[in-house]
Every structure is written in C-alpha cells, then in structure tokens.
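For reference, the structure is listed below as structure tokens.
Here is the naming used below: chain letters follow the sequence lines, and residue numbers restart at 1 for every chain.
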Amino acid sequence: MKSITLSIMRKEFFHILRDPQSLLLVVMMPLVMLLLFGYAINLELKSIDAAVIDESHSPASREFVERLTASDFFRLSAQNLALDGIETAFQSRQVKCVFVIPQDYARRLVSSTGAGIELFVDASDPNVAAFISGYASQIASADHGTQKAASSPSLFLVDPRILYNPDMKSADFFVPGLIAVILIMISTLLTSIAIVREKETGTIEQLLVSPVKPYQIILGKVMPYTAIGFLDGLLILVIGALLFSVPIQGSFALVLLMMLIYTVTGISLGILVSTLAKTQAVAMLIAVILTVLPTTLLSGFIFPITSIPVALQWVTNIVPATHFLQIIRGIILKGNGIMELLPQTGILLGMDLLLILLSVRSFRARLD
Amino acid sequence: MKKLLVVVKKEFRQIRRTKEYFGVVFVAPFVMLLVLGSAITTEVKHLPFGVVDLDHSPQSRELVQDFETSTAFRAAGSWKSIAEAVQQLDESRVRMVLVVPEHFRRDLAEGKSPSLQLLIDGVDGNSAGVAMSYATQILRTAQARWAKPLGRAAVSMLHPEGRASPHIVPHMWFNPNLESSWNFVPGLLGIMLIIVTTLLTALNLVRERELGTLDQIMVTPLGKITLLLGKIIPFAILGMLQLSVGVLACGLFFGIWMKGSFLLLLTLALVFCFSTLALGIFVSTLAKTQQQAMFFAWFIMIFALLMAGLLVPIENMPAAIQLITYLNPLRYFVTVLREIFLKGTGLPHLWVEALAMTGIGLAAMGAAILRFQKRLE
C-alpha cells in the first residue's frame, strides 16, 4: 500500500524534473521577491527634491536653508522658483515640496507668536507627503536659531522605545511575511495544477480504474509539492535571515512545525481548487485569486489590518495567512513560544481540518 | 488592410465566444478595484493602544483621553505594571503602550520634566514609525495646552535644550487629506490593463500554437505583421474599454474624478498597451505550454507591479534597482495615471513618459517579431 503511494510520488517527481523551466520559476520567483522586498521596500526616504522661496533674506532664514541642505533628506534642486510657479514645478515633477519663508520670518522668530514656514507638498503620493511634512517639522524644531528665546526646560519628555525591531528595518517585517505568501501560493498552485493536469489529459480516469485508492493518488501527488513548497519557505527563511540579518529569536523547530501546518492548508486548498477547475489555466487563475491577492493584501503582510474598513477586517479572519503571519512574526521577531500562539495555531489547525474534509468530500463527489 | 480586418474580426468572434474573458476583463478587475482600493492603505488607524498609568492623576487621565479620541488609536486596555503590558505586546494584542510614571503630576508641577514612556511594537517598522509620529503629535499638543497656563513656551519635547524654532505649516496639494486610495486606485487601473494585455495575449497565442492552428494560419498568405497586428488590436480595444469603465468606477466608488484630459489618458494608455501587448507576444514565444506562459506572464506582472513606484516610492529603492525600474512600462504609466488623475497634468510634462513607453514597446515588439519567426521555422 505504501509502495503505491511511493510510486505515484516518484512519477510526480519525474513530471517536475521534466519541466525544468517551471521548476526554475518556482525557485527563482521567491528569491526575486525576497530581494525586491528586502531591498526595495524600506520607507526611509532620501534626497527629496525640494525648493525654497526665501522672502525674508535674513541671516535667520539662510540658517534654516542651510539646515535643510545639510540633511540628506532634502535636496534643493530648483532655483529662483516663484510662488505662482509651484503648480508647474509639481506637474513637471521637478520638485516634491516647496518651503516658503515669509518676509517677517526673522522678526517673528523671536516674538512670542513664533514664526511659521509654509510648506507646499505634492501629495499625489500621500505616503511620501506625510514623510516630507514629518521630516520638515523635525528639522524645523531642531533648528538651532541664532536668536534664542527665553530658554525654559521642557514640560515633560517622551522616551519612545521600539521593541522587537529597534531599527524598524523593513527586512525584519518582510522576510517572515514573504514565507507566508510564498508557501501558500506555491503549494496551492502546484497541487491544483498537478491534479487538473491528469484530468485534462484523461489519465486520472485510468488511475482511478486501477486498484489504487483515491487517497493514495492524492497523497502521492501532493507529497512532492509539499516538499517543494516547504523547501521554498525554508530557502527564504535561511537566505533572508543571512542576507538581511534577520534574527530568529524563537525556536527554529517551532518555525518548521508551523510551516508544515501551514503548507497543509495550502495543499488542501489546492485539492479543493482542483475539484472546481477543468483546465490548468482555470485552475491557475482560481488558485492565484484565492491565494495571492488575499494573502498579500488582506493579511497584514504589507498593510496594517487595523486600518482597513471593518467589513474587510472580517474577511481577514478567514485568510489563513493572517494567522500564520502572527505566528511566524511572533516566533521569529518576538521569540514567542507555543503557549503565546495557541489561539492562532488552533485556528490554523481547524482550517486545515475543514479544508481537508471539504476537499476529500468534493473529490469523492466528483468521482461518482 | 482587408486581411487585417478579417483577422481582427476572427479574434473578436473568438473573444466573444470565450465567456471567461468577460469575467477576467470586466468582473474580476472591478472586484479587485473595490477590495484593493479599500484594503490598500498605508495610513495608521485604530491601532490597539494600551496604558500603564502609574500616576492616576487628572493629567495622566487627560493624556489617555487624548489618545483614545484620536482615530489613529483604539483603546485596548490598561494594565498595572509594565511587565503585564509587555506580555500583551508579546502576544500582539496591543501595538503601543503609553507608560505614565509615578509622581508624573508632582514632577510636572515642580518643573522636573518627567519622562513619559512609549513602548512600540516595531515589527511593522513602517506603521510603528507613523504611530510614533502620531503619538508625539498628540503629546506635543497636550504639552502646549498645559504650558500656556504655566506661562511657559511650548518647547520641543525631543530637544530639551529649548531654542526658538519655527513651526512648519504644511499645505498638501492634490490630495489634501492624504488619502491612500487617491494614490492606489488610479494606479490599479494600470495593473488591470497589464493583466488584460500581457496575460491574455500570451495565453491566446500559446493556445493557438498548442492547438496547431497557428501553423495553419502561417501557411495562409497572411503576413507575420498582419497576423500579430490582428492579434493585438482586439486586445487593445478590450483594454481601452476596460480603462474607460475603470475611470468611471474610480469616480463612482471612490469619488476620485479625473482632473485632466480623458483623451490624453486614452492616447497614453494606447501607447502603454502597445508595450505590454508586445511583452505578451514576446512571452508567448518563450513558452511551450499555456502553463508556462502563465508563469512567465505572471512573473513579469509581479515584477512590474513591485517596480512601478505604486506600493513603494521609487526614490526609496537602492540605486541599482532604481535603474531596473526604467525598463518597466508600468512605472511610466503609473506616473501618467497619477499625474492626469490628481494633478491634471498635460502632455508638455508627460511626453518623456510617452517616449519611454514607445521605446520599450518598439524594443519588445522587435524582439518578439524576431523570435516569432525563429520559433515557426
């Protein structure tokens, strides 16, 4: 009985090896995504093109401009801009923001009202705009004005402590997250395609009339892809941890165990997809729609769940990745043990069970 | 010309017969637009926030109140000790904790500058940064409010030296409320377009090859260019239709009405489609089976999406990756969409993008035509 499953597995491995291009893509895609996410996504902006309209022409205003240039956040790139030229400057994307220092800047700086500097920001990318205005305020408040006001101690101080990821590195956030995306994507996709391919070519009927039991077929077909998906996840974990120096705080064995549970989710989802689709193309579309989009967008992989509308927040609960992300980030970044992750693990196991039951049932129903 | 029309007609008939296309072109994208438009947000809202109040004074309660009334934070509980709060942070039940130290009120009154502690879950570095700046903003306001009756200047908290400093008055143009959706939703139209053009063209051509009908067409007196044009034109028209419906949907669902000229958008979209369709044909020459074509097309799409400057500002990327983005047609089209939609920019400031997309299109088309020939021989 075991040998039957084994020989189906061996057959499946031959299928995989005979299509080296697809195999290469399956291995390369996660790596490319890892590099892109690791390097490309860090929200530390630098060298933002800025312009200054200095109507004050005072030592104080020049001091402020110097401070701007000294920071590597802003790069003064447009000279002699006029107030009515701002819109054109934004439309031609010459600059992203314009500081306007008013005429009475020097006088008001020492007065009790304080001086304001107008900052016009091209907010068509709101993310960048928020950073620009935040950074500008920081530079302004750090401005060691030559004219000191009556110096008085601060009323109270704030001491922010960033836990778990003190440098707020994006790699720490994305490397574990990427495992969640890749694992389910690869395992669902490959499983569904492998089964539907047999359907398309009609060979599944032949398998079914042979003395092989359906569960042996499924098991044999699914195991190789479990291995590939799991190895893909491991690859990301190891390369990501080494390349981007993501520390693994918790237990490595626990990470592997959780990855296994999560791979089972993906595979049972794949079997379910295979019962819905008649052709490989359709299977692929369904698998992508079911895994990639919810996993990248409705799981907290990039965008914080708490910020999205409440109705969609409900949806995030049925996305397996939501729970797996909490687990894997918990273990890797916070050093969580199994006790702290019981609810999430329970939900994931429940999903596994439900999906397996569903897929076995619909697989049977289709055979009858 | 007549031959071309015949091919176009045949393709249209085939498209109409494939019912799935209707779903892929018109239904799925709009579901995507709706869901993604609301899901993609880099704003920080309702972040679970906790308090460890060791002072129990009116002042500390006032601070907590300030946090609870802001939309950025949602009260998730209060604990008696820092250790308990850290436990909550460990279990991800709460993302930020404000610790008000003992004798906060007394120290405040005596001018001793007591120190408030903010414990922030930094796992999501980006959100943590945003949350921290919101929190400092709230505390700064509180500081200013309390400083007034005491006759002191509200000085910067993070710089206790206390020097005169100007304040920044920001004016956000084109998107005054900094809505994420205003940025993402128009960009999504570009992604929808690349799906229809690159993916469907590649699949269409590979299927004809798989079925062997491509060889049959090749032995007819149809020229190669005519054949490829005949394949491209229907999908370009389909794409334009989709874009028009998309522009309407942006306005109806999200209230984002285009500021600039629709005609200009359509023209530039055609140029963009030329480049992505060429990519689709190129992919079809690389792939042997539909499955491979899908893999390739999908890979290109993910790549294009990440490198478009939509999710991550291009300025943030390392120099080497920034260079790669110049090869990405979606990069230019996302700029075009954003400019026309939000700023109403005209052609004088967009011709560089138009040229770049044309260049990429010509290069991809050249490569595709060369490979197309080779594969058939």
Side-chain angles (χ1 to χ4, degrees), chain A residues 25 36 39-41 43 91-92 109 115-121 123-130 133-134 136-137 140-141 143-145 148-149 151-165 168 170 173 280-281 284 297-298 303-304 306-309 312 326 329 333-334 340, chain B residues 38-43 45-47 90-92 113-120 122-129 132-133 139 143 147 152 155-157 160 162-175 178 180 183 290-291 294-295 306 312-313 317-318 321 338 342-343 345 349:
Chain A
L25 276 178
L36 279 180
Y39 283 121
I41 300 192
L43 288 168
Q91 286 191 341
S92 61
L109 194 61
I117 291 175
E118 310 280 323
L119 171 64
F120 295 90
V121 187
S124 56
D125 187 338
N127 213 357
V128 175
S133 108
S137 306
S141 62
D143 189 4
H144 298 258
K148 278 178 196 158
S151 125
S152 65
S154 203
L155 211 52
F156 60 81
L157 301 170
V158 180
D159 167 25
R161 280 197 199 158
I162 312 280
L163 306 174
Y164 315 120
N165 179 6
M168 298 195 269
S170 66
F173 184 55
Q280 291 178 57
M284 186 145 178
L297 298 163
L298 293 175
F303 307 107
T306 51
S307 300
I308 63 181
L312 281 176
Q326 287 176 10
R329 284 188 181 138
L333 300 174
K334 300 185 174 180
E340 281 136 321
Chain B
S38 7
I40 299 184
T41 169
T42 41
E43 295 154 40
K45 285 184 210 153
H46 317 298
L47 197 79
D90 273 344
E91 291 174 16
S92 310
S113 297
S115 199
L116 289 169
Q117 208 175 56
L118 277 177
L119 303 174
I120 305 165
V123 167
D124 178 354
N126 185 30
S127 299
M132 187 165 86
S133 68
L139 292 172
Q143 169 131 288
R152 292 206 205 138
V155 279
S156 166
M157 296 172 293
R163 292 188 173 91
S165 52
H167 54 273
I168 296 285
V169 188
H171 302 266
M172 298 299 177
W173 280 16
F174 312 119
N175 184 358
L178 298 186
S180 298
N183 174 31
Q290 286 187 60
Q291 187 193 330
M294 265 200 150
F295 263 131
L306 289 177
V312 189
M317 302 177 182
I321 294 186
R338 201 184 276 166
L342 299 180
K343 302 191 196 170
T345 308
H349 296 305

Ignoring hydrogens, what is the shortest heavy-atom contact between A:S92 and B:H349? Give both atom names and the distance.
CB-ND1, 3.3 Å

Just say parallel, tilted or perpendicular for the rings of B:W173 and A:F120, cut-offs at 30° and 60°.
perpendicular

With B:S133, which residues qualify under side-chain contact (heavy atoms from CB on, under 4.5 Å), at least two apart?
none

Measure across A:P126 and B:N183 and return the closest heavy-atom pair with its distance rounded to 0.1 Å.
CD-CB, 3.3 Å

Pairwise distance OG(B:S92) to NZ(A:K334) - rounded to 0.5 angstrom
3.0 Å

Contact origin within A:E118 toward chain B - heavy atom pairs under 4.5 Å
both

Is there a donor-acceptor contact under 3.5 Å from the side chain of A:Q91 to the main chain of B:K343?
yes

What heavy-atom pair brings B:M172 and A:S133 nearest, and what distance separates the two atoms?
CE-CB, 3.5 Å

Given the options B:M132, B:E91, B:H171, which has more heavy-atom pairs under 4.5 Å with chain A than any of the others?
B:H171

Okay, B:L342 and chain A: the region with an atom under 4.5 Å from a heavy atom over there is side chain

Side chain to side chain contact (heavy atoms under 4.5 Å, CB included) with A:Y164: which of B:D124, B:V123, B:I120?
B:V123

Residue list, salt bridge (charged side-chain N to carboxylate O under 4.0 Å, His left out) with A:E340, at least two apart or on another chain:
none

Options A:L312, A:T306, A:I308, ranked by heavy-atom pairs under 4.5 Å with chain B, top entry:
A:T306

